[in-house]
Peer 1: 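First, the structure itself, so that you have it in front of you.
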Amino acid sequence: MVKVVKFGGSSLASAEQFKKVADIIKADEARRYVVPSAPGKRFSDDTKVTDMLYSCYDRAAKGKNFDAEFDAIKQRYYEIIEGLGLTISLEDEFATIRACFIGKAGRDYAASRGEYLNGIVLANYLGYDFIDSADVIFFDDSGKFSSKKTYEILSDRLEGCERAVIPGFYGSMPNDTIKTFSRGGSDVTGSIVAASCNADIYENWTDVSGFLIADPRIIENPEPIKIITYKELRELAYMGAGVLHEDSIFPVRKAGIPINIRNTNKPDDFGTMIVESTSQRPEYTITGIAGKKGFTSISIEKDMMNSELGFGRKVLEAFEKNGISFEHMPSGIDTMTVIVHQAEFEQAEQEVLASIHRNCKPDSIVIETGLALIAIVGRGMRATRGTAGKIFSALSDSKVNVNMIDQGSSELNIIVGINEEDFDTAMNSIYNAFVEKK
Ligand code: ASP
């Protein structure tokens, strides 16, 4: 059995956290390949090493003195090294990095050093091999992840290596410069490493015990989600439920490897298992609820719209031509509503409206802003009668007016549009309808 384990920045922010990480790794023989992030925040006002590197490099690139910023970064690593009682020195590494900062090696190079150095320290502490991701993870000339080359070289390398630390977040370009994934990208590296060695599982260790049924900033103490499918996760993530980098799903999903989100500070918690499919029904019919504010609806009305060929296309073309993607499109016989992100729509609002007027000659266009969308997601809804009824009675009991309803044809989700002011009330009433009254 092979497990790939990725540890996030807060799991590796201090010597104390490093010790927890080593205990977790040592507790299971199968945890052979380890992907670390850079040291993250030790307390809420702290600064992540990645951010320290970006700002330090920005000073260097402008030709300003960056000694103080550079020393503060060194200090973070030396604190960890001393706290663990290690004898390695990173002085040569720091000298190289300093020279590269002066030589303007690039922001990506700078940021990647956080993971690189943390990888060296962790490998030393665990007694594992260190594999520099620049030698095994590749991007093409356009900066896209180069999967074929990576899988070939990385699989080979892992095959010849019993246990190794492979730093997250970066790889190299065809011209040998360093490139990073977008922020939070160590999750992606972990997924690529798992796919490369055909791991049985990809464990992603962070500072929460997996996904929760709803956002804890809105619902008090929400229940955790034990098992979720990739499709459900996609729906919830789209509505803002974060934890995992979006691009980290693809490599493991394609290889049929499940992801287990775990909590470094509570290693006994089961966490959330993310799987392709499962026979296990979710505990509460719904798997999760997530929502976002900041939407606008544009309702276009025209008598006999239903028989006018090409009407919908012309409406959508007005959005497309102005670079605005639409989120939902509920429609009636003579009305069609397009829901968009307010922030995006604002930029080209008048152009879009003029274009609809010109091409579609509608009877009226009504714009409503301040709309929030809530997605109620669950593979269990398909087989359960009355889910929609339960949602709408909960909303009506708590006096929330529903502006829009959209049910995906897969019966995996129901989306309701409400006024932003009702957001918290709506979330709570839906949550309570399914979870507490079980
Ligand atoms: N250290 C990087 C960041 O802060 C990448 C990661 O942690 O995944 O975004």
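All ligand and atom numbering here is 1-based and tracks the order in the structure.
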Peer 1: Contact between ligand 1 and Gly168 is defined here as a heavy atom of the residue under 4.0 Å from a ligand atom; is it met?
Peer 2: no
Peer 1: Do Arg183 and ligand 1 have an N or O pair less than 3.5 Å apart?
Peer 2: yes
Peer 1: Measuring only between side-chain heavy atoms, which start at C-beta, is Ile131 closer than 4.5 Å to Tyr33?
Peer 2: no
Peer 1: To the nearest 0.5 Å, what is the distance between CD (Glu115) and OG1 (Thr50)?
Peer 2: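 So the gap between those two atoms works out to 5.0 Å.
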Peer 1: Can you name the one residue among Arg32, Lys6, Arg31 that meets salt bridge (charged side-chain N to carboxylate O under 4.0 Å, His left out) with Glu203?
Peer 2: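 That would be Arg31; it is the only one of Arg32, Lys6, Arg31 passing the salt bridge (charged side-chain N to carboxylate O under 4.0 Å, His left out) with Glu203.
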Peer 1: Ring centroid separation for Phe181 and Phe139, is it under 6.0 angstrom?
Peer 2: yes
Peer 1: Would you mind running through ligand 1 and noting each atom that sits below 4.0 Å from a heavy atom of Lys48?
Peer 2: 4 (O)
Peer 1: Do Ile24 and Phe7 have side chains that approach each other closer than 4.5 Å (heavy atoms only, starting at C-beta)?
Peer 2: yes
Peer 1: Which atoms of ligand 1 sit under 4.0 Å from any heavy atom of Phe169?
Peer 2: 2 (C), 5 (C)
Peer 1: Asp187 versus ligand 1: do any nitrogen or oxygen atoms come within less than 3.5 Å of each other?
Peer 2: no
Peer 1: If you count the atoms of ligand 1 from 1 in the order shown, which ones are under 4.0 Å from a heavy atom of Ser37?
Peer 2: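 The list of qualifying atoms is 6 (C), 7 (O), 8 (O).
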Peer 1: Just jot down the ligand 1 atoms closer than 4.0 angstrom to any heavy atom of Ser186, in number order.
Peer 2: 5 (C), 6 (C), 7 (O), 8 (O)
Peer 1: Check contact between Gly114 and ligand 1, using heavy atoms of the residue and a distance below 4.0 angstrom.
Peer 2: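 No.
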Peer 1: Nearest 0.5 Å please: distance from the CD1 atom of Ile376 over to the CE atom of Met381.
Peer 2: 7.5 Å
Peer 1: If you measure from the Lys or Arg side-chain nitrogens to the Asp or Glu carboxylate oxygens, is any gap between Glu79 and Arg42 under 4.0 Å?
Peer 2: yes
Peer 1: Numbering the atoms of ligand 1 from 1, which are under 4.0 Å from a heavy atom of Glu115?
Peer 2: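 Within the 4.0 Å cut-off of Glu115, ligand 1 contributes 1 (N), 2 (C), 5 (C), 6 (C), 7 (O).
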